[in-house]
Structures are given as C-alpha cells and as structure tokens.
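The structure appears below as structure tokens.
Both counts, for ligands and for their atoms, begin at 1 and track the order of listing.
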Amino acid sequence: MKMSNLYAPTSKEAPSDAVLASHALLIRGGFIAQVASGLYNLLPLGKMVLNNIETIIKEELGHIGAQEVELSFVTPAELWGESGRIEKFGKELLRFKDRKDNLFVLGPTHEEMMVNLIRNKVTSYKQLPLHLYQIKTKFRDEARPRFGLMRSREFIMQDGYSFHQSYEDLDREFDAVEASYKKILDRLELSYRVVEADSGAIGGSGSKELMVLANSGEDTLVVCNSCEYGANIEAATRAKGLTDKGQSSIKLQKVHTPNIKTIDELSTYFKTTPDRIVKTVAKKIIFDDNEEIVLFFLRGDDSLQETKALNAVGGLGIVDVDEDELKAKELPAGFMGPMGELKIRMIVDNDLMSETDMICGANEVDYHYKGMDISAIQTDVYADIVEVKEGDKCPKCGGILGYKKGIEVGHIFKLGTTYSKALNAEFLNNNGQAEFFIMGTYGMGVSRLIAAIIEQHHDEKGMIWTKQSAPFVVNIMVSNIKKQEQLDFAEELYKFCQKNGINVLLDDTKERFGYKMKNAELIGFPYTVIIGKELQNGCVQLLRRESLQKTDIKKEDIFDYLLQEI
Ligand code: ATP
Ligand code: MG
C-alpha cells in the first residue's frame, strides 16, 4: 500500500471527551471515527489491526479444533424468553419489532442462539465434544459508553460455546481455551494476568478473566506477590487473618454511646481495635420483581464487596439506601446491629463466624452493645462478603496480596447445564439416556483488544504497534519525493518487502519531512526506513518506534536486515 492512496485522516486534536490514550490516539491517527455515543466506524488502519487480531484468534482457535460459524445478529426475542434472560438483561438489550410485529433483540451474546443451533441436531454423545465460535458484532446498550473502543455499545467479540457429555471433558476444553487465549495475548505482545472471576448469577463452577495490565484499566485485580494467585476483586479471597479471639462467656451489656457512630469513634470510645466491632452495612437489593433492604455484617476493619454481597442474596442489582428508607424499617443509621428480632434479611461475613465478645449497634439511637456473641444473631446465612485489602494474605500460599489495574479482554466460563436445561437441549449418552449438554462459553473482546494494545504500548508521540498487530510493520519513508534516486530505491525496497511477505507501506506523499515523521510516530509503525540525503553516501536510516532509536544502515544491507528483524 502507498501512503498517497491510504485513507487515514490524522489530526492534532483529540476529542474533548477522550480520557484514555487509546481513545485519543485512535481518533488522532485516523483509525476510527465516532458516529454517535458508543458507536464507531473503523477506518482502513483500524480495520487492518482488527483483521490482524482476528487472524491470530482464528489460527489459535483452529489449533484446538474450534470451528468458526456466523450466527444472525438479529435474534428472535423468543429465545431470550426461553432462557429467562429477556428480563435479567434489562436495558442493555436492544429490542425492536419487525413489520409483522415480531419481537427481536440485537445479540449482546449468543448462548441462546448457539444452543438453538445444535438442539435436536446434535443428539448423540458420539457427536461430542463440539466447540463452535464466531467473531461477530455485539450490541449492548451500555449505560455509560466511554473510552472509545474500550466500552462501546456496538463492538466485536469472539464468542465460543462448547458442548460436552461430562464435566471432565468441559474441564479439558476450558483449559485448552485458556491456553489458546494466552497464546493469542502472547502473540500480541501483551502483558496480562489470568485471574479468577466472579461467576455471577448465571452460576457455573469456574470462571476466569484475561486481564491486560494497565493503570487505565477499569478492573481491580488482587494479585499475590509470591505465587500465581490472581483474582478479580469481585471474586478475590484471602487467608483468614489471625485476629485475637474475644473472651467467651462475657455478659452482653448495653452501653450509652451518645452520637458515637463511626468505627473510628467507636474504637476510640471502647479502647479497642476496629476488628472487634461489627460493621453493619444496609443495601437495597433489586430482584426480578421487587426490591428489599438487606443488612450485611462484617468486621469493622473490612468493607463490603458489592458483587459478593449481591451473589450472597441472588439479586440483580445492589444500591445504597438513604436514611429515610432506613427509618421506615426502624433502623437508626450509625446504631444498626444484628441483635433482636429484625424482620429483615441478614447476611454475616464468614470471618465473623463463632466470634465472641464483639461490639455492635443496638438498633436504638445512641446505644451499642458490648460482649456480643455472633451466635446470638438470628440468621444462619454466612457468606464471604468482604473486599480483600492490599496487605491481606494470599489464600493459596500466605504471601502478601496487592492490587493491580487491568482491562478485561477475555472471559472464559464453565456454564454447566444452565442454558441447555432452560432451552431443553439434550443428547443420548452411551447408555441411551437423555442428558442435558454440559457447556462452556468463552468470549474475547476483539475491538477492545485494539484499545488494550495501545494502553500498554504508547508514548507521548503516539501509538506503538506490536509486530503482529501493526497495520503495517514497515513504513518506507521517502524524505523528498522530488529526488528520483530516493523514490527509486524506496520502490525497490518496497517491492522486496512485498515479495517477502513483509507488511509494508510506502510513504510517497509530498508532505514535509517533519510532518511525515510526526505521522509515522503517531501511527506507530514498528519500523520506519527513512530514505533521505544519506542515500548519496549509500546509507538509509532505520527508526525503531518503540525505542525511537535511529540506526544508519548501508543501503545494500537493509534488505537482509529487515528480513532478519521481522
Ligand atoms: P465488562 O465487565 O467490561 O462490562 P463483561 O464482563 O460484561 O465486560 P463479557 O460478557 O464477559 O463482558 O464479554 C466478553 C468480552 O467482551 C469481555 O471480556 C470484553 O473484552 C468484551 N466486551 C464486553 N463489553 C464490551 C464493550 N461494551 N465494549 C467492548 N468490548 C466489550
Ligand atoms: Mg466478563
């Protein structure tokens, strides 16, 4: 390709709402153009990067025997009714009717469609396992589309679905997909962590996320400093700390605590550490058809992890409660606690189990209890609801846990029979009995990967593409196209690269040299060969984008040099 033919409208200005480097640079480099909130056009350079990523994905998934299909984007809402997700997905699901008044949705994910594709067609264990995938547009009407390609409403996902006759076989496939996804990220030269993830309301036994490490990432990861353990903060656990046990058989005592509400104030007042105080957190949980205030109890030095809290009660959403709503339930803010016959759902953190001699609110303004035993709480619902803190101990090895920021680029999930049951998809096992398919589902954010690569690979001058993702690996820049000698040599090198399968661009534009250089740095070709004045002395210059290092190379050597480097 010649630069003079390339449609890449670069600009100096970044859009005013661009907070991420990837968003600003993709627009400035002429890779994408915004259509509306969360909707983008991919221009030639953006499409080339996307194609490169897709090629790598297809190669790697091909190696594990996954087969590519392409399902209809427009999906009959009926299928979503069968799975029950039409309600659960809420407003992210775009619904519309056709001229005959049939309801459809724009697929945000394709579990239902994929089960529908094989049900009553794959009927015997002999046809299993089966792994089908597609690379396809998805639509999610995100509440806050932002960050360019990172969180858009229309985006491209590689989504795979596998069908098995046993859980062992699902485990094998899950591991194979994990290895395959890791290879894809390795080939893209990304540094990442595979972390344990929240399996959410869909349930399922195992779920992992592939997180590209970047300070701009929206996800918080908990990672161990001495072993491989890593988990999304929504799913992270910790080794139980050794807190001093309270004394048993202490008498329960009501204490006047005028206007003393916070954990800090209480620990000063009672001359104790925060972990000896029961923290009460009230939240409103949204269910399918109602909402309910739920009280969560944890140690005073811990905080509530909302996703864990939500999973513990099986709701769809979790929101804060205001003081008036609390008052209506006779719950005094600052003095709430687990004692008494409360007609309200209560969840106690596992870490408090069988704890004694604690301090807690008395559900009466200006009063707390001391000498309280957790076993006196009238609930039997214990769950892990705490957010792991930096400095907590690793659940695997006892090492120290810390935080990192990550971008979720992939999610792999052991679904089990959730969807095959809901959509009644069965096969006959080797004893001739009907069983539901055991499923896995695997998703990779292909368009999000474009942004993720940039988040990890850019500098103040622009993007720095990795070799396998770059729209062009080599940019041959003619410094002054009026010099025939420069043009001729550039053409010769260009043809050589093409013949040898090097993805090459020839910058034959009549722009000034300085402008061309700025553009090359902004667009981020891994290598730029500058053909300029030095050609008279038999030399060209090679600019490595990552280091910005320039090397003089004899013109006859540049051919072999490029072959070896690439
Ligand atoms: P997130 O937590 O970031 O909203 P998700 O957990 O809802 O993502 P999945 O349903 O697991 O996403 O989808 C699989 C992959 O699709 C994600 O790992 C991510 O890479 C990509 N993806 C999801 N939502 C978007 C989006 N709005 N824009 C771009 N890519 C997305
Ligand atoms: Mg996910």
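For the pair Lys414 and Phe174, the distance from NZ or CZ to the six-membered ring centre is under 6.0 Å and the angle to the ring normal is within 45 degrees.
Judged by distance alone, the side chain of Arg85 and the main-chain N or O of Leu79 form no donor-acceptor pair under 3.5 Å.
Looking at Lys405, His23, Glu455 one by one, the single match for side-chain hydrogen bond (donor to acceptor under 3.5 Å, both in side chains) with Ser216 turns out to be Glu455.
Listed by number with element, the atoms of ligand 1 under 4.0 Å from a non-hydrogen atom of Gly410 are 18 (O).
Here Asp141 pairs with Arg153 in a salt bridge; the nearest charged N to carboxylate O distance falls below 4.0 Å. At a threshold of 4.0 Å, the pair Lys389-Asp302 counts as salt-bridged, since one of the basic side-chain nitrogens sits closer than that to a carboxylate oxygen.
Residue contacts with ligand 1 do not include Ser447, since none of its heavy atoms lies under 4.0 Å from the ligand. Not close to ligand 1: Thr109, with no non-hydrogen atom less than 4.0 angstrom away.
Considering each of Glu154, Arg140, Glu218, His411, the one bringing a non-hydrogen atom nearest atom 5 (P) of ligand 1 is Arg140. Here atom 20 (O) of ligand 1 lies nearest to Glu408 when heavy atoms of Met157, Glu408, Arg153 are compared.
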Given ring-ring contact (aromatic ring centres under 6.0 Å, His included), test Phe427 with Phe437 step by step and report yes or no. CA-CA 7 Å; Phe427 66 96; Phe437 292 103; 5.2 Å; yes
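Neighbours of the Mg ion (ligand 2) restricted to protein N, O or S atoms under 2.8 Å: the count is 2.
Only the backbone of Leu149 comes within contact range of ligand 1, with a heavy atom under 4.0 Å; no side-chain atom does. Of the heavy atoms in Lys138, none comes closer than 4.0 Å to ligand 1.
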